[in-house]
Number of protein chains: 2
Amino acid sequence: MSIRYGLLALLQRQPMYGYQLRGEFEASTGGTWPLNVGQVYTTLFRLERDGAVAATGHVESDDPELQKTYAITERGCAELADWFATPVSRSRPPRDELAIKLAMAIASHGVDVAAVIQGQRTATLRSLQDYTRLKSRSDEVELSWLLVLDSLIFNAEAEVRWLDHCEARLVRFAPQGASPPGPPAQKGAAPLDSPPGALPPESATSSVRSRS
Amino acid sequence: MSIRYGLLALLQRQPMYGYQLRGEFEASTGGTWPLNVGQVYTTLFRLERDGAVAATGHVESDDPELQKTYAITERGCAELADWFATPVSRSRPPRDELAIKLAMAIASHGVDVAAVIQGQRTATLRSLQDYTRLKSRSDEVELSWLLVLDSLIFNAEAEVRWLDHCEARLVRFAPQGASPPGPPAQKGAAPLDSPPGALPPESATSSVRSRS
DNA sequence: CGGGTATGTATACTCCGTATAGTGGCCCGG
DNA sequence: CCGGGCCACTATACGGAGTATACATACCCG
C-alpha cells in the first residue's frame, strides 16, 4: 500500500491533480521508483471511494470535466497519521526473488549454484557502482532523495555480503559431490576459501546491538 | 514472477500436484514466505497455458478429475535455465515501503521524523532478535532455509544501519527548526550525536570492494 | 453414525504494475 | 492559416500477486 499512503502524504501538503501527483512522487524519490500514471488514477479512485480524499470538481475555470483536483479529508489525515505511527512490519517480509532463486538452486540438481552467485554478485556490484556514482555527483539535491539512494546502497551491500556468506557456506557444506549431473561445474569460477575482497563476517553474529 | 519460477524449479525435480507444490515451496524457505494455495493453481494454469508444464490428466487411479499431476516440459526447462542464468535486475528495485515512508515524512510538515525512525528501529531490532533466536535453535535443518534466514538477518541489519544513518543526517541538516507545526517533537527520544550502539559507518563510503 | 480436521481443487476479489487509448492545448512549418 | 506532431492529462484494459473462501473427499475419534 505504499502508493496509497504516498499519494496521501503528497495531498496533505496541498491539493493536487493526478498528473501532478505522479511528478511529485517521482521527485520525492529522485526517480528511483517511476510511478505509472495509471496507478495514480486507480489509487485516487480507491481513495475517493474510501473517503480519504475528495475531488473538488473541475477547477474554477469555466471548462468542466478538466483538471479534477483532489484534496485530503479528515479521514485521510487520520489514515496517514496511522501509517506514520505504525512501523513497517517484518513479520511477513516481501518475497525476495534472489533468496527464492538461491534456495531453489541449492535443492535442485544440475544447477551450478556457484555460477548463479557469481553472476548475481557481479550484477549487484555494478548497480552499487552506479549508485555511488550518482551519489558523488549530487550536490544540490533534496535530502529525501539522498537518503533513498543510501537505502539502495545499504541494501545492495547487504546483498553482496549475503552472497559471499552463501558461497562460504556452500563450499563448507557440500564440497564432496559438486553437482553430479548437468554440465561440469566450473569450479575455477569460484574461489574456494575466504575471498580476498570479502567483508569481515560481522553479520550472522548479530553485531547490531540494541540501545534504548 | 518468483512464484512462477519457484514452482517450475520444484517441478523439475519431479512431477507433482497442486497442494504438494505448496508444501514443497514453503518447506524450501522454512515457512518464511507462506504461499496461498490459490496462487499455486492460478500460476499452474498460466504455466500450462504458456506450455511450460503439462498436466498428465488424473493419475492412473480410476477416479477421473481428481489429482491432476503436473510435469515440466522442454519449454519450461528452458525458461527455468534462463531464470537461473539471468541475475535479478536491480535497475528497477521493488518499492521499499520504509524508504518511501521516510522520504515522505521528511518532506511533509508536522511529522515527527525522529519518532518514525525510532519506532521502526525498535520493530526491526525485535524482528532481528526473532531471527537470531530461530537461527540458534536450528541444528538439523536444510541448508537453504538457513541461508534464507541469513538473508533476512542481513537485510534487517542493513535496515537498522540505514535508520541510524538517516538519524545522523537529519540532525546535521535540519537541527534549527524542528517541525514548527504539529505536536511538539519530543527531542529527548532521539539521541542527537553518534548513538552508543550504532555501527561504524562503514557504508556510504563503499566498503564493498570488487574482486576477481 | 456424526462431527471435526486434514487433504485437495477451484473461484472471487482487491491491489500492484504496465501498456495503451483518447482528448485538448501548443508549437511550428508549409 | 491550418494541419501535423508533441506534450500534458485523464482514463481504461489486462496480467500477475496476494488473500479469502467455497466445495468435496477422506480419515480419525467419540
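Below, chain A is the first sequence line, B the second, and so on; all start at residue 1.
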> Counting only side-chain heavy atoms from C-beta out, which of D/dT10, C/dC15, D/dG16 sits nearest to A/Met1?
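Comparing D/dT10, C/dC15, D/dG16 against the side chain of A/Met1, the answer is C/dC15.
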> Among the candidates D/dT19, D/dA17, D/dG18, find the nucleotide nearest to the side-chain atoms of A/Arg92.
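Closest nucleotide among those given: D/dT19.
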> Using a 3.5 Å distance criterion without hydrogens, assess whether the side chain of A/Ser108 forms a donor-acceptor pair with backbone atoms of A/Ala105.
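Checked: no pair found.
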> Between B/Arg90 and A/Glu159, does at least one N-O distance fall below 4.0 Å, as a salt bridge requires?
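Yes, this pair counts.
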> Starting at atom CG of B/Leu44, determine the distance to atom P of D/dG15, rounded to an integer number of angstrom.
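Answer to the nearest Å: 18 Å.
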> Is a donor on one side and an acceptor on the other found under 3.5 Å between the side chain of B/Asp50 and the backbone of B/Ala52?
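Absent.
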> Taking five pairs at each end, how big is the angle between the two axes of the helix from C/dC1-D/dG30 to C/dG30-D/dC1, to 10°?
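That helix gives 20° between its end axes.
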> Output side-chain donor-acceptor pairs under 3.5 Å for residues 8-20 of chain B, partner residues at least two apart or in another chain, one line each.
none

> CG of B/Asp96 versus C1' of C/dC16: gap in Å, rounded?
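Going from CG in B/Asp96 over to C1' in C/dC16 covers 16 Å.
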> Of all the choices, D/dT12, D/dG18, D/dT10, which nucleotide is nearest to the side chain of A/Val37 once you look at every atom?
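The closest nucleotide is D/dT10.
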> Please check the phosphate of D/dC9 (OP1 and OP2 only) for any side-chain N or O of A/Tyr17 closer than 4.0 Å.
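Indeed, a polar side-chain atom of A/Tyr17 lies that close.
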> Side chain of A/Arg95 only, please: which of C/dC16, D/dG18, D/dG16 is the nearest?
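Of C/dC16, D/dG18, D/dG16, D/dG18 is nearest to the side chain of A/Arg95.
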> Using only atom types and a distance under 3.5 Å, with no angle test, would you say the side chain of B/Asp82 pairs donor to acceptor with the backbone of B/Ala78?
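No, because the side chain of B/Asp82 does not come within donor-acceptor range (under 3.5 Å) of the backbone of B/Ala78.
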> Pick the closest DNA chain D nucleotide for B/Gly38 and for B/Thr43 by heavy atoms, then say which residue is nearer the 5' end.
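Here B/Thr43 is the residue nearer the 5' end.
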> Rounded to whole Å, please give me the gap between CG in B/Asn36 and P in C/dT11.
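To the nearest whole Å, that distance equals 15 Å.
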> The side chain of A/Tyr19 is closest to which nucleotide in this list: D/dA20, D/dT12, D/dA8?
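Closest nucleotide among those given: D/dA8.
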> Should A/Gln39 be listed as having a side-chain N or O under 4.0 Å from OP1 or OP2 of C/dG17?
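So the side-chain polar atoms of A/Gln39 do come within 4.0 Å of the phosphate oxygens OP1 or OP2 of C/dG17, strictly under.
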> Is a side-chain donor-acceptor pair under 3.5 Å present for A/Trp83 with B/Glu97?
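The criterion, which ignores hydrogens and geometry beyond distance, is satisfied for A/Trp83 and B/Glu97.
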> Please examine the side chains of B/Pro93 and A/Trp33, heavy atoms only from C-beta on, and report whether any two atoms are closer than 4.5 Å.
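Result yes, sub-4.5 Å side-chain heavy-atom pair found.
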> Take atom CD1 of B/Ile100 and atom C1' of C/dC16, then tell me their distance rounded to the nearest Å.
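The distance from CD1 of B/Ile100 to C1' of C/dC16 comes to 12 Å, rounded to the nearest Å.
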> Below 4.0 angstrom from OP1 or OP2 of D/dT10, is there any side-chain N or O of A/Arg22?
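Answer is no, no contact under 4.0 Å.
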> Tell me which of A/Gly18 and B/Arg4 sits closer to the 5' end of DNA chain D, going by the nucleotide each one is nearest to.
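Its nearest nucleotide lies further toward 5', so the answer is A/Gly18.
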> When you measure from the side chain of B/Arg49, which nucleotide among C/dC16, D/dT19, D/dG15 comes out closest?
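Comparing C/dC16, D/dT19, D/dG15 against the side chain of B/Arg49, the answer is D/dG15.
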> For A/Thr42 and for B/Thr42, locate the closest nucleotide of DNA chain C by heavy-atom distance; then report the residue assigned to the nucleotide nearer the 5' terminus.
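Whichever sits nearer the 5' end wins; that is B/Thr42.
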> Indicate whether OP1 or OP2 belonging to C/dA10 is found under 4.0 Å from a side-chain N or O atom of B/Tyr41.
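Checking C/dA10 against B/Tyr41, no side-chain N or O comes under 4.0 Å of OP1 or OP2.
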